[in-house]
Structures are given as structure tokens and as C-alpha cells.
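Comments concern the structure below.
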Amino acid sequence: MFKTITLATALATFGIIGAASAETLKLGNVAELSGPGATVGNAWTDAINMGVDEINAAGGVLGMQLEIDTYDTQTDAQTSRALVQKAIDDGAFLILGTVYSSSTIVNMLVTMQQGIPQIVGSESPSITQKGNPYVFRSSFGAQKSMPKIAAYLDEGLGAKSVAVSWVNNEFGKGGHDAFVAEMEARGIEVVADVSSEVGQADFASDVTQLKSANADAIFVYLHEEESARLLKELRKQNVEAPIIGETTLLNQKVIELSEGAADGIMGHVGLTVDAPNPEIQAFAKRFSDRYGYKADHNAMKGYVAIYTAATAIERAGELDRQKVADTLHNMTITVEDVPNILLNVSWDETGEVSRESFLVEVQGDETIVKDMLPAN
Amino acid sequence: MTETVLSIRNISKSFGGIHAVRDVSFDVYKGEVLGLIGPNGSGKSTLFNCVLGQLKPDAGGVTVTGQDVAGKRACELSKLGVGRTFQQLSVFPEMSVLDNLILAGQEHRGSMFSRLFGPSDAGLTEEADRMISFFRLGHLRDELAGSLSYGQQKLVDAAMAFMANPALVLLDEPAGGVNLTMLGHLKERLKTYNREHETTFVVIEHNMEFVMSLCTRIVVLAEGAIIAEGTPEEIRANQTVIDAYLGS
Amino acid sequence: MLQLKNLYGGYGKITILNGVEFEIPKGTITTVIGPNGAGKSTVFKAIFGLLNVHSGQILLEGRDVTGRTPKQMIGEGVTYVPQGRNVVPQLSVYHNLELGGITARDQSAVRARIEKVMDQFPMLREFRDRKAIELSGGQQKQLEVARALLLDPKLILIDEPSIGLSPNLVAEVFRTLQALRDDGVTILMVEQNAKAALAMSDFGIVLELGQTRMHDRADALLADPRVGQLFLGGHMEEA
Amino acid sequence: MKQLKILGLVAILAGLIIAPFTQATYGTYVLSSWLVFTVAAMGLNLTLGYAGQISLAQAAFMGIGAYSTALMTMAGLPWIASVVVGMGLCFVVGLILGYPALRVQNHFLAFVTLAFTTLAFLVMRNEEWLTGGIYGLVGVPRPSVAGLSLMDGTRYYFFTLGVFILASLSFWWLVNSPWGRAFKGLRENPIRANSLGVDTRLVTLLAFAIGAAYGGLSGALMAPLVQYIDPMSFTLIISLKILLMVVVGGSGYFFGPFLGAGLVIMLPEFLRFAEAYYLMIYAALVVFLMVVCPSGLLGLLSRGIAAIRSREPAERGDLKEGAQL
Amino acid sequence: MSDFLQLIISGLSTGSIYALAAIGFTLLWQASQTINFAQGEFVMVPAFFILIGSRVLGLPFPIAIGFGLAVAVFTLGFVFKRLVIQPMLPHGHLPIVMATIALAILMRELVKEFYSAEAQTFPALFSEQTFDVFGAVISHQDIGNLAVSAVAIIALQLFLGRTRTGRSMQATAQNPGVAEILGVNVQRMVLYTFMINAALATLASVLISPIYLAKFSNGEPIGLVAFLAAIVGGFNQVRGALVGGLLIGVIDNLSAAYLSSEYRIAGPMILLIVIILLRPQGLLGTSEGRTV
């Protein structure tokens, strides 16, 4: 007893990191807890908190307990920038978030300038194309997933023309541009290109335009609620063409909100709780037991993010941010090593992620995994 | 004869078939205090608004020191040397009495730009102080105008009308709502100002005692036309006027 | 019928009534005259509960009704026709009349009463479906007077009914008022057109500077030379 | 009283100079962004508080300033040139936007300016060739002063503080000049002002244009601070936020926007303990403040001071004298 | 042609719901010069009152609607008028504007914290079955929305025109001074207006939520459209708000289809500016006086 106190005093006197901080490792989670992105940010945050509790229960990272500070960006880019700075000031070793690309593009400048590794849930292609050595994704950028969709449209459906419905913000614009580029590359004609606003209520005119284009397929890249509204309107106006989408469109939330209108839509998802993998199923169960709602891909991104952080720090072997960032580049985590990483995953030198993904179809209110696509 | 300050020539104005003013003409000379009276609905306000350029008469014209006022905006009229007071309280309530008076004078000093780069009081503090002490408001100089009593605000309103050294001042019911003691003070100050500066006044007022003792000449309107004109004594004795007020 | 005792009142900072006192008997027409700013309209507002009474009392048939709301005064059988235009512009003539009886429980009685009032004012029947704003000034005033009759009031306060009316309409309004008096209604009126008003009234009251200066039979006031002088700025001796 | 005020000002200024040394980078950033928003709020305070014209376009003006700065400095032009261009553009657009104010007032004016903000947003988002579209412009450089780079947060803070002080001084000078008096005249009694020779049309337009120019300056400071601009930073919500700053602080009071911006930006920091509830608490406080004191916090303060003052001298000399009149 | 018809019909259906929100908005303006910046949230919140009734309290859906209506009329009508608007009325427009903006934030946050941040499905009153008319697809819901809105507006007009209370409310809106001397309890009539506004908002909520889903952030776009509709149609006319709502619904669709989907909200905004500058009283408004 006496000894410990003396030791602590000595440590404090010599200015060596205090006893408390030797036992905990602070991470910052900057996410969209309010504002339009609240749904997304809350799922992301809940999964991170669950991951932290599991990691701590299993002994922590490098023998230290993780402590997570959460900051609400209000889905505002400038606030997120300030809060990333605040998290760093508060001593966060590594930053998780944000999910919205509009925020990430801004706040990743801060972590870059100060050399702090950041694991984000954003999917805008530009994030990993700016040469930022500290930013890493936990899910695909749109430029990774679009080729998979293009291949399916071309080879699977034999489509010669396609109509696109996208939401006019960073998320939608990024996906739209990547998609259109792939279509050009494969010689599929984009016959209708319809943008919509976040929070748009009336999709009648969008659907009228999509319908009158008579395309072989319709590609949808909207947020969850707008996807549901669009699907309902597509069904109402009796649109027959196959509807194809990326992760968001095939989200459980869309299926639930569109009340049957999602039946038959197909698409590509990077992460889905409906995948038949035992790890993913176990995660989905733990999550819904704990929070009372079904996990979605945003929750999975958050979960992967916290396990990525923990694994990278563990592998770097010491609390050196540069070393952690270096470890993350060209790193691979397998499910055998870390079951909770859910799927085998690799990062390239830009921080872009690569792993298997899924081709799914909605049947009734179930998402059925039709095919497993290899990592690219 | 002395110089004509305000000249009203054959003004007529009707609203939807009702002839509010019919063919009214008169002149007002320098240094005069002219009272414009008449029972309710006699056309005083309509005539007043024609003089102020706010209403366009159907026929006739108004000139102030020889210039036509037709179509002039209030601020342009002010530049022509016409000051006025309002029937309702019309001060700037959230500004000090001093600022009220400086504002009343500043637009007549220099150009827009010289005012921006010149002194913040546009060089008017002294003059405003003179005006304040003339109306015996010295103790209220730095109070907010809106916090003054009704009568005091009426005094500030009147003082503002004089800040630009106008040739003609139109007083719209200056006595309305002012208590007796304050009324005497107001009347005496107006008279003194008129005497000292030879400023021409036109007064619309319902308080006959006030009008009779302030004005040098009175014009009586009834049903849109002039029915009498003369000194207060003459008007007081005029049976047509008495009938107009009591009704036939 | 109505008695005012030493009434003081006004708007905010300004006191306009400085101890008004008078009493009017039932079933008569009394006209209040006086120069502008004497407080004539203010007295009406004070009686009808639209103005704060600082001190003094208003008695209606001996009951103290000081500080009642307009609605309560209507309940006491008093109606008020203010100065100026007071119709509801976008409603029809008929609906304007209905508003006169809006406080009554029994709306079928109100409808019956409207028919009766339209008999008294045939013009209203002719224009019953026009919007009130489309009537001429005189017609609007008649509408207002008619509206004030809907609840069969005991006492009507009328503020300057003659403004904007042609002389023959004024005479008509006055005749209507006299007929009402003959039916037992008490009328208190403010009028600029003092001569004509006194000529058709039973009593007259002269107000000046918020105080009662004279109170006499109408014909006596009409003959009094001091009344004419009062309008042109002479002061009156205490009456 | 006056000495006390000067003393207070010196203390605040000293505080602002010392502040970044007591704060981590985040604190300095928040302080910088307070200064930036105060400049925008100051401009709106001129339009709204002094001249009485409601405007929901301040965010759009910030946007015009920020985009001018970003485009010009990224093309290698000096910051100061971009400020001149940005403020000039805002001034001209402000003059044009002021025209509706000559015809309509109150909520109508609010809606015209609201529509303008929305249209400005659409242009910023959709005209990708110029504005970078939805992604905005990334990597706005911070200017150098006399060869000294301001990339460091604290240095940029002092730069912002300097510009802020200049802006405040010129604002102080403007509102105390005859122009300021004419603005107040317009707010309190436009008809009377007009009859005294104030050209109310011209003054209305100027109130808009000068207020807009301050918005432009604020944008020109913001772009290098955030080093990134995108259309989402200049939406209606931001306009409302700036309006909130002015009204909560006390519109028409010189220091109103300082306080208001401080509150809007700092209060979330103080309420962070309340976590998810802080927006709720904040909104409830605003509703409460508006109900009990619509003239804002400084209005509340001056009301309090007036109450204390009027209690002190039991008998005021002027009342006596007034009674004699 | 069938596209055009489709756009018009869908626009009318959504527009009729906008009209309900816009009418309440104009009623508040007429009765008390209140500009309610929280009007969109007034439409958003009742859906949650109803969801609480049906999901938390387990009431059958029609009864839950009644429950939601009652709660909305009490909180958004009575409490809003008495506690928020009434004390501010003497102080002019700006404090009311600011307070209602803050109130909007408060309502959004309350729903998010105490119900859910997620969008919720909401049972539809009408089936989603469709039929074809000249190539345009029309659902029962479209017809239902138009019909319910029309009935509500006609009922409102009848109430205002035919009942004693309704006429008292008209008198209060057009000339409060006269209303008072005729014995109308002016304050109570103003209160009724607030309660009617809450009821109309609830109705709009019930109609729009099945399509739009119930979500805490829905108020903002709905409120904005209600403003636009009210101003375009005329601030002092129930008819005006109706026409404004329908017009905005249609123009929004047409400008998205035929101008540019990226600039779709520019259409209504430019219309707004033009209307304010050329005809500030709105398309159907009268320049003099306030009229119901």
C-alpha cells in the first residue's frame, strides 16, 4: 500500500504519465448524434460502445482499458471540424468517425495536420484520393462498389440503358459520379439522370422521369427514407424495370419503411447483417439484444471501426500514432485472428478498404444474399 | 407686401365622389402664424397633405418659396425648407433628446459622404443644445425621448421641426393631449421662436383658445371650402363660423 | 337610468376625464357637446368598459357597473356605437346584423329581431347580401345603428352618428333615435353637429377639459350664447 | 460610469489576448469562430438592430465572401485583394436585395431574403465549375502577414482578432456617425425621419449593403479558418443562427452580437454535460428569454440597470422641473 | 401528356396537404399577427402523438388519432397561445419569430430524444390501390388526400360563416375593436384560432405521414412549403392558402420535371419573390384589411 503511493508520487513528480492514464486509452468518437444524420450516427455510436465494452471485458488494448468520448457534430461539417479538434485536445489517441462524407472531408484536415489516425464510416470516393496518410475507411468507398454493380448490370442483367436517381449531396453526388463513370466504361447508356433533395417528400416527378426513360434498369442512390418514398412511388406508378441499388437501398430500414415496395429490388452491399456468416449473425444478435433495434450497415461500420482501431494499436505494440498509421496501411485482419472484424479485410496505402461483399435481393421483407463477390 | 412663403392655388381634391377640398386658394407670408381651423371633416387634413406632397390634388398647385411641391418626397420637401410636426407623438423613442435634435438637423449639413467622415454630431451639438434650452428641456438632454412625458415629447417634436432652420413650419395639432400648464409654455415658446426667427407657421388645431392666442391670421374651412378669413377677433365674432361649428 | 359620479380616467399617462358628473333619466335623449378634446368620446368608452376608470363610479339603474367588461355591459342592456366606421368589412350586411346579437343565447330570436330591424331600415333589407364594405358611408352608419338595436337595449351610447352623413340621412337617423326613445329606450349621444342634435334632444350636457360645465334642458342650452363661444375658445364659468 | 466601461473593455481585450494561451487548439479554434461569427452578426445587427430591416440572407453573404476568398487565394492572389472583392460583391448584391425592402416590410422581407439564401445555396451547390459543387473547395490557404505564415491556429487567431478589432472599431464609428443616427431614425420612426430630410430609401439600401459587406468580411475570415468551404455552411439554418445571435444578445445594442454570438457558439460547450439534451435546453432558454425579455440579454441588463437607477434617487430633479412646465 | 397529367395530379394531392398547413398559418396571422416558424413542426409532432397513442398506449388506431388530436389541440393550441405567444404579442414580430424558431428546435429534439431518431411508418387512411386515367396512375390515397383536405376546408369555411362562434372569429380577425364592443370575447376567439390551427396541422400530419413517414426532421421542409403557399396564395385568405398550397405542389413537380431537378426548389422560390414584389397581398389576397 505504502509502496504504491510512493511510486505514484514519484511518477507524478517526474512528470511521467499519471497512473490513471496508464490504464486507460482514450479514443474520440465524433458522430452525427443530432440533425439529419442522427439515425446513422446513433447506430454507428451504439455499435462502437458495444465494441468498446467487449474489448475492455476481454482485457483491453495493450493492457489498457479503452475509454471512448463521444462528440455530437449535429450533422454539421464545421462543428465536426471543431469537435475533432476538441477530441484531440481532450487527449484522444485516435479518432473514429464521422460517417457523413461532408463532415469527414472537412475534419480529416485536422487529423492530417496533427498526425492522428482516423477511421471513418464515409463512402465518398474523394476521401481516400487526397493523399491523406492518416485516414482509413471501415467500409467501401463508392469507387470500390460501383464496378461490382456495373459488372452485375452488364453481365448479370445484360442492361444496355439505365436510369439513375440520386440524392444531391456529397453522398449521392459521389456515388452518382462513380456510377456514371463505370457505365461509360462499359458502354451502358444513362438515359435519365434525376437528382433529388435530402428530405424531399414528393417523388412523383422523379418517378415520372425515370419511368418515361424506359431504361433496362433503374439505379437508386438515396438515403434510407428517400429510398423508401421513391420505391413506394415507383410501385405506385407501376414501373416494371429492375431496381438496382447500393448498400443504403438494401438497408433493413428501407425495407421496413417502404412497406412491401422494396420486394424484388437487388443490389450490392458491402456489409449486411443478413449475411450468412456466423460472426455477423452473432454480432447482429448481440446488438439487437442490447439496443432493442436491428443493426444495419452503419452499426457494422462502427463495429468494424472500433475493432480495426484496437487491432491496429495492438499490432503496432505501442502508443505511437505514426506507428499505428503505418501499421494500418497495407494491413489485413482475418476473421480467424479477430472474429469480431466480421469479414476478412485489407487496407491499401491510401486507406481504402477491400473485402468480400454481397449481392443481395429483397424477397418480401427479407434480404437474401444471392452471391458473394470477391474482394477487389 | 412681404414675401410669400406658401402659396396655395385653386386646390381641389375629392375621394370617391366626396369633395374633400374645393377650389381653395390662399397665401401665407413670411413671419405669419396662420391658423387653419374648421369642424371635423372640413378638409383640413386633406389640404395639409396636399401641401406636404403626400396627396396629389385633382386640380391646382402648391408652391413653397416659389417651388412646386407636387410629387416631392418628404425628405425633398424638408430640403426645400419645410419643417413639420405630427398629430401623434413623433419622436425617436430609443434615442436621447440630444440625438433626436441632431438627427433633425444633420441631413441639412454637407453631403452624405462629408457626414460619414465628418464629426459624429455633424457639428450640431451646440445648436441642438441651444434649441434644448430654448424649449427648457435642458435637464432632459440625455434622457431617451421615449421616456419623457407626453407634453415633453410634444416639445421635442416641435423643437425638431426647427433644427433645420426651415422657412415654413406646419404644426399638426400641437396642443392635442397636452395639459394646461404645458400648453401655455408651448404657446409662449412658439410665439417667441416666431418673433425671433421670423419663421412662418401654419397651424392646424382644435383647441380654439390655443389657436386664437397663437395665430395672427386664421382661415376657416367648412365642407372643403374657405368660409372665413381674418384675425382671431374677427373670426370669433363671425356668425357663419359659429354656425359651422354648431351645425345648422 | 345612468349616473356618473366624479369620474376620473384616461389612456396611460394622460388623464382626460377630470371628475365628470351627470345623471340621465330613463326614456330620454341626452346629447353631450363640447369642443374637441373635451373628453366626450372618452366618457363613452369609460361607461362601456373600454377604458380604465381611475376613480369615481358609474351607476346603471342604481347598480354600480364601474369596471365591467363590454360583454357584461351588453348583458346589462347597454350597446355602443363608436365614432367612425365600425362594420366588419368582408361580412354581408345580414351577417353584420347577426353579430349585433352574437352574445344572445337564443339565435332564433336574434333572427326574428333582424327582420324587425330591417323593417325599420328598409335599405338594409335591399342590400342584405352585399358585403358591408360595399355600402356607402351613410349606409354603413345606419347598419351600425341597426346592429346596436338587435339586443333590444335599454341604453344606447352613440358617438357622432352624423359624421359623413348627408343632412337628410342625419335627419333620418335622428328620427329613428326619437322613435326609439318613444319606445322607452334611453339614448346618450355625442354630436359635433350641436344645434341639430340639441334640437332633437331632451337634455344636453356640455363637457370641457374633462369636466361637466353645463347640464340643462336641451332648449335652454340652445338659447345660451355661451355655448357658441365655448366652441371658439372662450372659457366658461363653472356652471 | 464611462471610466468603468473603458476599464471593462480593456479587461475584455486583455482576456482575448491571453485566451489562446490558456486554451488548447480546440479552444482557440472556437474563439476564432466566435470572432468570425461576431463580424457577421455585427453586420446583421446594423441591418436589423439599427435600421430595423429583417434579413435572413446573412449566411448567403458569408458564402459570397468565403467563395471569393477561397477562389482567389487558391489562385494565388493575396487575401486582402479577395476581401476587397468579396466585400464589394456583397455590397452590390446587398444594394439589390435591399430594393424589396423599399416595397415590403417585416415577414415579407424575411421571406424574400430567405428565398435569396436558398437560391444562393443552389448556385453554390450546382455550379460545380466555379464553386466545386457539393464538395466545396478544400485547402484554402491561410494568409501570411509580413512573411509570417498564419498556418498555426494561434497565429491565425491573432490575425482574426486584429481584423475583428478593426471591424468593431469601424462599426462603432459608423453607428455613432450621422449615418448611424439616420439608421436608427429609420428603425424608430421612418416617416418622421423622412420628414426631417433623411432619405429613407437610400438609408434602407445602405443598411442592407453595409450589413452584407460585413457578412462578406466574415466569410473571408472563415474560409481560411476552416480551410475548406462547402455550400452546406451557408444555408438558411446558418442565417437563422446568425439572426439568433443578434436577437438573443440584444439587437440594436453595440455589444449585442458579441454576446449573442458568444452564447450561440459557446453555450453548447457549457451545456455539453447535458449531452443529448443541450439543444433542448438551449432552445427552451431562447423561448423563455423571448417571452420574458424580447429585447435580448443586453435589453434585460439595461432594464435591470434602469430599475436600479430609478430606485436610487427617490426624487428626480427633472420631474420637479417638468411639473413646473 | 400522360406524364404531365401524372405530375399535375400528384402535385395536387401533395399540395392539398400543404394547403392544410398553410391555412392554419394564415389563420394565426389573421387572428393575432403571429408568424409561426414552427408550423412545420406542428405538422410533424401530431403524428408522434398518434403513434404514442397506438404503439405505447395500445389504443386502436382511430382512437389513437382522436387522442393525438386532443393532445395536439391542447399543447399546440392552448398551451402555445397562452404560454408562448400571448406574452410576446405586445412586442412585435421579431421575438415571436425567434421564439417559434427555437420552439421548432425544441420540438424536433424532444421527439428525437423521447421517441426515436428513426423514421416511422404510419398507417394510411386510404388503400394504396391505383387506377389509370389517360395513362396517369392515380391512387386512392391521392383522391383521399384531396377529398379530406377539401372537406376540411369546406367545413372550416362553413364553421366560420355559419356558426355564431365562426362569425365571432371572423369579426375578431377583421376588426377586433368592433368585435369587442359587440361583446365578443376577443381573446377566446384568438385561442380558438390557435386550436383550429392545431387541429388542421394534425389532419395534415395524418395525411402526409403515410407517404412522408413520421420523422423528427420532417417539419422543416413542410414548414417552408406552408410559408410559400401562404404567401403565394395570399396571407389574408383561406382560399388563398388553398390555392397557394395546390399551386406550390404542382409547380414543384413541374419545375423538377421540365426545368432542372437540381434547381427544383428554385421554381417556387422565384415565384415567391415575384409575388412579393408584384403582388404582396398574394394571388387571391385583398390589400385592405384582414379577411377570413
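Keep in mind the model is a prediction, meaning the values are calculated, not measured. Chain identifiers are assigned alphabetically (A, B, ...) following the order of the sequence lines, protein sequences preceding nucleic acid strands; residue numbering begins at 1 within each chain.
For E:Phe227, the ring pair (Phe, Tyr, Trp, His ring centres under 6.0 Å) test picks out D:Phe111, E:Phe25, E:Phe37, with sequence neighbours left out. Annotation: side-chain contact (heavy atoms from CB on, under 4.5 Å) contacts of E:Leu110 (sequence neighbours excluded): D:Met280, E:Leu106, E:Phe114. Evaluation of the ring pair (Phe, Tyr, Trp, His ring centres under 6.0 Å) rule for E:Phe126 yields no partner, not counting sequence neighbours.
The greatest number of non-hydrogen atom pairs below 4.5 Å with chain E, out of A:Ala228, A:Ala204, A:Ala43, is found for A:Ala204.
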Hey, can you dump all donor-acceptor pairs under 3.5 Å between chain E and chain A, distances included?
residue	atom	partner	partner atom	Å
E:Thr14	OG1	A:Asp202	OD2	2.8
E:Lys112	NZ	A:Leu33	O	3.0
E:Ala117	O	A:Thr39	OG1	3.3
E:Glu118	OE1	A:Lys253	NZ	2.9
E:Ala119	O	A:Lys253	NZ	3.0
E:Asp142	OD1	A:Lys236	NZ	3.3
E:Asp142	OD2	A:Lys236	NZ	2.7
E:Pro210	O	A:Lys232	NZ	2.8
E:Tyr212	O	A:Arg229	NE	3.1
E:Tyr212	O	A:Arg229	NH2	2.8
E:Tyr212	OH	A:Gly199	O	2.6
E:Lys215	NZ	A:Glu225	OE1	3.1
E:Lys215	NZ	A:Glu225	OE2	2.9
E:Asn253	ND2	A:Asp202	OD2	3.4
E:Ala256	O	A:Gln209	NE2	3.4
E:Ser261	OG	A:Ser195	N	3.2
E:Ser261	OG	A:Ser195	OG	3.2
E:Arg264	NH1	A:Gln200	OE1	3.2
E:Arg264	NH1	A:Asp206	OD1	3.1

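Proximity to chain A (any heavy atom under 4.5 Å) is restricted, for E:Pro210, to the backbone atoms N, CA, C and O.
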